Amino acid sequence: MARRLYRRRPRISARRVGLYVLLIAVAALFIGPFLILLSSATKPASQDVFGFPPDLIPRPPVATWFREAWTTIPYARFLVNSVIYVGITVPVYLVISALTAYPLARIAFRGRGVFFMLFLSIMFLPGELMLIPRFLVMSQLGLTDTFASVILPAVLSSLGIFLLRQAFSQIPDEIVEAARMDGANEFAIFWRICLPIVAPTLAVLAILGFVSVWNSFIWPLVVLTSQSKFPIALGIAYLSGVAGTDVRGLAAGTVISLVPVIIVFLLLQKRILNSMGGAVKG
Amino acid sequence: MRGRVVGQHWYTPYAFMLPGLLFYAAMFAWPAVIAIQLAFSDYDIVHPVRFSGLDNFIQLGHDPRVWIALRNSLLFVLMFLPLTVVAPLFLAMLVNLRLRAIQAFRMLYYLPVVTSMVAVAVAWRYVFNREGVVNWLLGLFGTGPIDFLLDRHWALPTVVLLEAWKNAGLFMMIYLAGLQAVPSDQVEAATIDGANAWQRLLHVVVPSLRPTFAVTLVLSMLEAMRAFESVYVLTRGGPLDSTLTLGYYIWSKAFEDYDMGYASAVGLLLWAIMIVLAGFNLLVTRRRDV
């Protein structure tokens, strides 16, 4: 609303044209590397990938390298694995974060602040520093090189608990009190009344969870040994080792790994972009 | 606080938090205890854990590579801060303009944030290759070519640039949220008083963004201190340890040399530095009116 009030009638001015030129130049900086990757992946064998001046338009574009990457590396397997990892991790993450955040927002009990600080302390235990001890915990539990070992550390995060606690505490008391009058128990209030109300926050967390699980690389590298369980990002690293010299196959494989996350981003970009400001301000 | 509510028992909050607490214990608390225990032990995966007192820390004091890693991590922070604390503010001001299709530009600038570090590093190899686009551009200015990732003077700045490029969109959105909270009447008042764009930025916008600067400064420092994935995929700490960061050193001691005890001791050092940095930032921002 406010934006519409302020927006001036579109007109062509030198300033406006200059701003667009600047915006496009900056955009080239951020998507250029991806375009160069795409161009390397679709150039025919007769055309150099590198060289001065850069020859970026494939003539004609070919799908050969995608086919090659797909057949030399078990790409389908890696993609399916990533879908499994995302498909299990994200729902479990949402349920556990919501269950944990709910009493922190809506039930008065002793030590509530202490528990909240406890869960926020996760922020100060970054995954990179937990690689070694978690690896040992997984071997103590007999879980190394299993799907569970990749999923378990990813189902709890301070951001999830923090944002959901905010969302739960903004639900008006009257709604909850009305349900209490009708004799609903606390879990029913949580599950049937409060959870649907915080659906927008859950959606944001689901997207952020998808992106982070899809891109996860270092922890799977440490805990997995069988290639058949690799997620896609680890598959790319593997491809760059196996096919180190095949610059086109590597480019094609990398493009394949980017497609799902870019599609999700394009479809849900408004939510993702808006969530960032909210997450930090909140 | 309210009295007992119908449908609630003393154990209700704990029952809700039970799964979260179990995961916290298994994936955060227990590993943290193990990390501390390992730092005072000898462990190579094959033999059982053996308590070794302060040996690891004594070794740490005599290990020249730790100091190289520490210096590289600090250099990383120094180069990273202007790229993530200052530059994204200008990006945010650019995408805060009221122009058609501005949302599309925000999206494009944000794209590297959602992609994996592995994919981004592969893309960068094509750009910063000896015969890649960057060296062609340098050639137009009569310099280069430079082997960015093979030259020990250029490797670290190149990794820093990659990290900053990948995270710029995130910092931009944080600033955008801050900018949209800047009171527009103050900006207008300054305009009426004859302040030009630069003066408005320095005297109105920047002061009111102070809380946002605090957030980005902490995020940026912690991100730079633990930089590791980018090093792993681009340079593996080389050439000649020129990109050996503390994070990478810990990984390579633990999972290449299987010297888990010593790696954990270096991990505690990094942990301590990060907590000090975060604590220092908290103190600085607390003193102000946040």
Side-chain angles (χ1 to χ4, degrees), chain A residues 3 6-7 10 19 23 27 30-31 33-34 36-37 40 50-54 96 99-100 102-103 107-109 115 122 124-126 128-134 136-137 152-153 155-156 180 184-186 211 215 217-218 222 233 236-237 240 250 254 257-258 261 265 269 273 276-277 280-281, chain B residues 1-2 6-8 12-13 16-17 19-20 23-24 27-28 30-32 34-35 94 97-100 105-112 114-119 122-124 126-127 129 131-133 136 139 170 173-174 176-177 215 226 228-229 233 247 254-255 260 263-264 267 270-271 275:
Chain A
R3 258 182 88 185
Y6 282 111
R7 184 182 283 170
L19 283 173
L23 280 164
F30 283 100
I31 57 165
F34 294 116
I36 290 173
L37 189 71
S40 308
F50 299 112
F52 301 141
I96 290 189
L99 279 171
T100 310
Y102 181 79
I107 301 180
F109 65 101
F115 279 103
I122 293 174
F124 294 100
L125 301 170
E128 292 88 341
L129 294 176
M130 301 297 265
L131 288 178
I132 302 168
R134 270 189 188 149
L136 293 182
V137 168
L152 289 177
V155 295
L156 197 66
R180 282 220 173 87
N185 69 28
E186 202 61 34
V211 169
N215 293 337
F217 162 63
I218 285 298
V222 165
I236 296 299
S240 68
L250 179 59
T254 308
S257 81
L258 286 170
V261 83
F265 178 57
Q269 34 100 5
L273 293 177
M276 280 332 301
V280 174
K281 267 191 297 186
Chain B
M1 291 218 168
R2 279 173 286 172
V6 186
Q8 275 181 15
T12 305
F16 270 96
M17 292 190 299
F23 274 101
Y24 183 85
M27 292 299 128
F28 294 94
W30 186 13
I34 290 183
L94 197 57
L97 293 167
R98 291 190 192 88
L99 288 172
R100 223 168 255 276
F105 286 101
R106 286 178 197 167
M107 195 182 79
L108 292 178
Y109 300 174
Y110 196 79
L111 192 62
V114 299
T115 53
S116 75
M117 184 53 93
V118 180
V122 171
W124 266 47
Y126 293 85
V127 178
N129 188 282
E131 291 172 321
V133 174
W136 172 71
L170 180 67
M173 291 309 294
I174 297 173
L176 189 62
V215 169
R226 63 189 216 217
F228 163 52
E229 274 198 4
V233 286
F255 296 103
M260 297 259 173
S264 299
L270 176 53
W271 223 324
I275 288 172

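Letters go in sequence order (proteins before strands), and every chain restarts at 1. Side chains included, hydrogens not; waters and symmetry mates left out as well; all remaining heavy atoms used. Owing to the predicted nature of the structure, the values given are computational and were not obtained by experimental measurement.
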| query | Quick one: of Y24(B), W30(B), F23(B), who has the most non-hydrogen atom pairs under 4.5 Å with chain A? | reply | Y24(B)

| task | Apply ring pair (Phe, Tyr, Trp, His ring centres under 6.0 Å) to Y102(A) and list each qualifying residue two or more places apart in sequence or on a separate chain. | result | F168(A), F190(A), F16(B)

| said: At a heavy-atom distance under 4.5 Å, which candidate from L136(A), I218(A), T254(A), V222(A) has the highest pair count against chain B? | reply: I218(A)

| Sidechain-backbone polar pair: R134(A) side chain, M27(B) backbone, donor-acceptor under 3.5 Å | yes

| request: Indicate the atoms forming the closest heavy-atom contact of A123(B) with L37(A), along with that distance. | output: CA-CD1, 3.8 Å

| query | Which region of W124(B), side chain (C-beta onward) or backbone (N, CA, C, O), has a non-hydrogen atom less than 4.5 Å from a non-hydrogen atom of chain A, or is it both or neither? | reply | side chain

| task | Please name all residues satisfying side chain to side chain contact (heavy atoms under 4.5 Å, CB included) with A233(A), sequence neighbours left out, ordered by chain then number. | result | F217(A), S116(B), V118(B)

| query | Given that the side chain runs from C-beta out, which part of I36(A) has a heavy atom under 4.5 Å from chain B: side chain, backbone, both or neither? | reply | side chain

| said: For L152(A), which atoms come within 4.5 Å of any heavy atom of chain B: side chain, backbone, both, or neither? | reply: both

| message | Minimum heavy-atom separation for P133(A) and P31(B), please, with both atom names. | response | CB-O, 3.0 Å

| Heavy-atom closest pair, residues F28(B) and M130(A) | O-CE, 3.3 Å

| Under a 4.5 Å heavy-atom cut-off, does chain A meet the side chain of F228(B), its backbone, both or neither? | side chain

| said: If we define contacts as heavy-atom pairs under 4.5 Å, which of L156(A), V261(A), V211(A) has the most with chain B? | reply: L156(A)

| task | Mind listing the closest non-hydrogen atom pair of G20(B) and I96(A) along with its distance? | result | CA-CG2, 3.9 Å

| Judged by atom type as modelled, is there a donor-acceptor pair below 3.5 Å linking the side chain of N215(A) to the main-chain atoms of M117(B)? | no

| query | Who among L125(A), L19(A), T100(A) has the most heavy-atom pairs with chain B under 4.5 Å? | reply | L125(A)

| task | Heavy atoms only: give me the nearest G267(B)-L129(A) pair and the separation to one decimal. | result | O-CD2, 4.0 Å

| query | Given the options L108(B), L111(B), V233(B), which has more heavy-atom pairs under 4.5 Å with chain A than any of the others? | reply | L111(B)

| note | Honestly, the part of L258(A) sitting under 4.5 Å from a heavy atom of chain B is side chain

| Are the side chain of Y109(B) and the backbone of L23(A) linked by a donor-acceptor contact shorter than 3.5 Å? | yes

| task | Enter the distance from M107(B):CE to Q269(A):CD here, rounded to the nearest 0.5 Å. | result | 5.0 Å

| message | Which one wins on heavy-atom pair count under 4.5 Å against chain B: I132(A), V155(A), L131(A), I31(A)? | response | I132(A)

| field | Distance-minimising heavy-atom pair for S257(A) and A119(B) | value | OG-CB, 4.2 Å

| said: I want to check something: taking the side chain as every heavy atom from C-beta on, are P33(A) and Y126(B) in contact at a cut-off of under 4.5 Å? | reply: no

